[in-house]
Protein chains: 2
Amino acid sequence: MDPFAALADPLRRDLVARLARGSARVVDLTAEHDVSRPAISRHLRLLAEAGLVSAEDRGRERHYRLERGGLRPVADLLAALGGAAPPVTDRMLDGLELEVRRTGRDRRAARTRPHPHSEPHSQPHSEPHSQPHSQEDTA
Amino acid sequence: MDPFAALADPLRRDLVARLARGSARVVDLTAEHDVSRPAISRHLRLLAEAGLVSAEDRGRERHYRLERGGLRPVADLLAALGGAAPPVTDRMLDGLELEVRRTGRDRRAARTRPHPHSEPHSQPHSEPHSQPHSQEDTA
DNA sequence: GATATTGGTAACCGCTTGGTTACCTATCTG
DNA sequence: CAGATAGGTAACCAAGCGGTTACCAATATC
């Protein structure tokens, strides 16, 4: 699951926001977010697949931590949509890079995906295809 | 529909990315993204509800334009998740504000929504609730 | 060793989503 | 006016999502 779909769910946004203030176990997160534990567990698994969180087993407990590098695609899109005076600066992306390296000691899960950004984008479909009248304003 | 859910769909991300390079009509977008026109039309409606695009009728044509102000919630979340050295600076949010004003001459559609950011966020559920043993690492 | 705690997985279920085709209105053009 | 073009809406359908309960394995504790 890509980071965008992962962040589409309000509960998952709550989870990542919570983990931004420190890692936590599943029971803790369950206590805070009144849905059943299996639901939380599955949300966390999706977030991990999206590269937004990572887990570390300590005995019978599993500690989930925010993985800020997984936010790259989101930051990239924001940058791409920024337009002429980009609201998302390159400095910001550099900050993310640093973040990735800083937490890079146990990114087992991150290794499963080739790279957390720039999905295939599919069809070549976009010839300039000039049309008789309107079609482009570049407002 | 909130901006996060709106951006969860790859096709919708393609649409906003396309509109970032200039407004376009529905037929144009349909020609570029091989799905049927009704599908495109519905995606655009969802994007408009999310505050990410706006439409302007010109005769029988409807021109869709990117509405950068709708990205506020996304930028806010990124800022909230940024941690100590925030990857998304306040300067970026200022940039978005400016962007909203700059394109503010014909935002008819924007007036139909109360404000394009900061959804309710629901439950108050989060008392500090200190627990006996682990629960917080502040990694 | 018995029991409690942590947490993942499986099976099921209702709702939403995204796609399609068919149809309709409105505007432009010959 | 007749036809073509632009675009929204309705009805339908398959697939995915998020929730639940039930169950299981593993670790900690008495």
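Chain naming here is simple, since letters A, B, ... match the order of the sequence lines and numbering starts at 1 in each.
Scanning all heavy atoms of the two residues, the minimum distance from Ala6(B) to Ala50(B) falls at CB-CB, 3.7 Å. Between Arg68(B) and Ala20(B), the shortest heavy-atom contact is NH2-O, 3.6 Å.
Ile40(B) places a side-chain heavy atom less than 4.5 Å from the side chain of His33(B). For the pair Glu56(B) and Glu61(B), the minimum side-chain heavy-atom distance is 4.5 Å or more. Residues Leu47(A) and Arg13(A) are not in side-chain contact: their nearest non-hydrogen atoms beyond the backbone lie 4.5 Å or more apart. Within the 4.5 Å cutoff, the side chain of Leu77(B) has heavy atoms near those of the Phe4(B) side chain. The shortest distance between side-chain heavy atoms of Leu52(A) and Leu7(A) falls below 4.5 Å. Side-chain contact check for Arg18(B) versus Glu32(B): some heavy-atom pair is nearer than 4.5 Å.
At least one side-chain nitrogen or oxygen of Arg62(A) sits closer than 4.0 Å to the OP1 or OP2 atom of dG8(C). Between Ser36(A) and dT20(D) there is a side-chain polar atom (N or O) within less than 4.0 angstrom of OP1 or OP2. Distances shorter than 4.0 Å separate some side-chain N or O of Tyr64(A) from OP1 or OP2 on dG8(C). For the pair Ser41(B) and dG8(D), the criterion of a side-chain N or O lying under 4.0 Å from OP1 or OP2 is met. Side-chain nitrogen and oxygen atoms of His43(B) include at least one within less than 4.0 Å of the OP1 or OP2 phosphate oxygen of dG19(C).
Following rounding to the nearest Å, Leu15(A) (CG) and dG18(D) (P) show an atom-to-atom distance of 12 Å. In this structure, Asp2(A) places its CG atom 11 Å from P of dC17(D), rounding to the nearest Å. Note: CG (Leu7(A)) to C1' (dC17(D)) measures 16 Å, nearest angstrom. We find that CZ of Arg25(A) is positioned 6 Å from P of dT6(C), with the value rounded to whole Å. In this structure, CG of Asp28(B) is placed 9 Å from P of dA6(D), rounded to the nearest angstrom. The CG-P distance, from Leu47(B) to dG18(C), rounds to 10 Å in whole Å. Rounded to an integer number of Å, the gap from Leu44(A) CG to dG7(C) P is 10 Å. Residue Ile40(A) contributes atom CD1, which lies 14 Å from atom C1' of dG8(C) at whole-angstrom precision.
Panel note: side chain Thr30(A), backbone Val26(A); a donor-acceptor pair is recorded below 3.5 Å.
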Extract from the structure each pairing of a protein N or O with an N or O of nucleotides 11-17 of chain C at less than 3.5 Å, listing the distance.
none

Under 3.5 Å, which protein N or O atoms sit close to an N or O of nucleotides 22-30 of chain D? Give each pair with its distance.
| from | atom 1 | to | atom 2 | distance (Å) |
| --- | --- | --- | --- | --- |
| dT27(D) | O3' | Arg60(A) | N | 3.4 |

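A continuous path of ILVMFWY side-chain contacts below 4.5 Å connects Leu11(B) to Leu71(B), so both sit in one hydrophobic cluster.
Side-chain N/O atoms of His63(B) and Arg25(B) include no donor and acceptor closer than 3.5 Å.
Between the two ends of the helix from dG1(C)-dC30(D) to dG30(C)-dC1(D), each summarised by a five-pair axis, the helix axis turns through 20° (rounded to 10 degrees).
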What verdict does the side-chain contact (heavy atoms from CB on, under 4.5 Å) test give for His43(B) and Leu15(B), after you've listed the backbone C-alpha separation in whole Å, the side-chain angles of each residue and the deciding distance to 0.1 Å? CA-CA 9 Å; His43(B) 281 304; Leu15(B) 287 174; 3.8 Å; yes
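Considering only side-chain atoms of Arg45(B), the nucleotide from dG8(C), dT9(D), dT20(C) that sits closest is dT9(D).
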